[in-house]
Amino acid sequence: MIIAKAAVLAALRERGQYGRAEFVDRELPDRIDLDRHGGLLAMLRLDPATLTEDPSA
């Protein structure tokens, strides 16, 4: 499953986690592959099911 980085950034910023959003913005690609980066999303306590899928995937 592919998640748009913009959705992750929006979720983090909505929670006021601007530092984490900056980290994700620097470190992850625009299209986040859950097979490769799912652990990071879990560490950030983000549920992939609540994030918008990347329509270009």
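Quantities reported herein were computed from a predicted structural model and do not represent experimental measurements.
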What are the two closest heavy atoms between [X] and [Y], and how far apart are they?
X	Y	value
Ile2	Arg31	CG2-CB, 3.7 Å
Leu51	Ala11	CD2-CB, 4.0 Å
Leu41	Pro48	CD1-CG, 4.5 Å

With side chain to side chain contact (heavy atoms under 4.5 Å, CB included) as the test, would you mind laying out the steps for Leu12 and Leu46 before giving the verdict? CA-CA 8 Å; Leu12 290 170; Leu46 293 172; 4.2 Å; yes

Please check this pair: side chain of Lys5 against backbone of Ile32, looking for a donor-acceptor N/O pair closer than 3.5 Å. no

When you group the ILVMFWY residues by side-chain heavy-atom contacts below 4.5 Å and let the links chain together, are Met43 and Leu9 in the same group?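 Yes; tracing contacts between hydrophobic side chains, which count when under 4.5 Å, links both residues.
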
More than 12 heavy atoms of other groups within 6.0 Å of Arg45 CZ: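 It does not: Arg45 CZ has 12 such atoms or fewer within range.
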
How about Glu14: does its CD atom have over 12 heavy atoms from other parts shown lying under 6.0 Å from it? no

What's the separation between atom NE2 in His37 and atom CG in Leu44, rounded to the nearest 0.5 Å? 11.5 Å

Are any non-hydrogen side-chain atoms of Ile3 and Leu34 less than 4.5 angstrom apart? yes

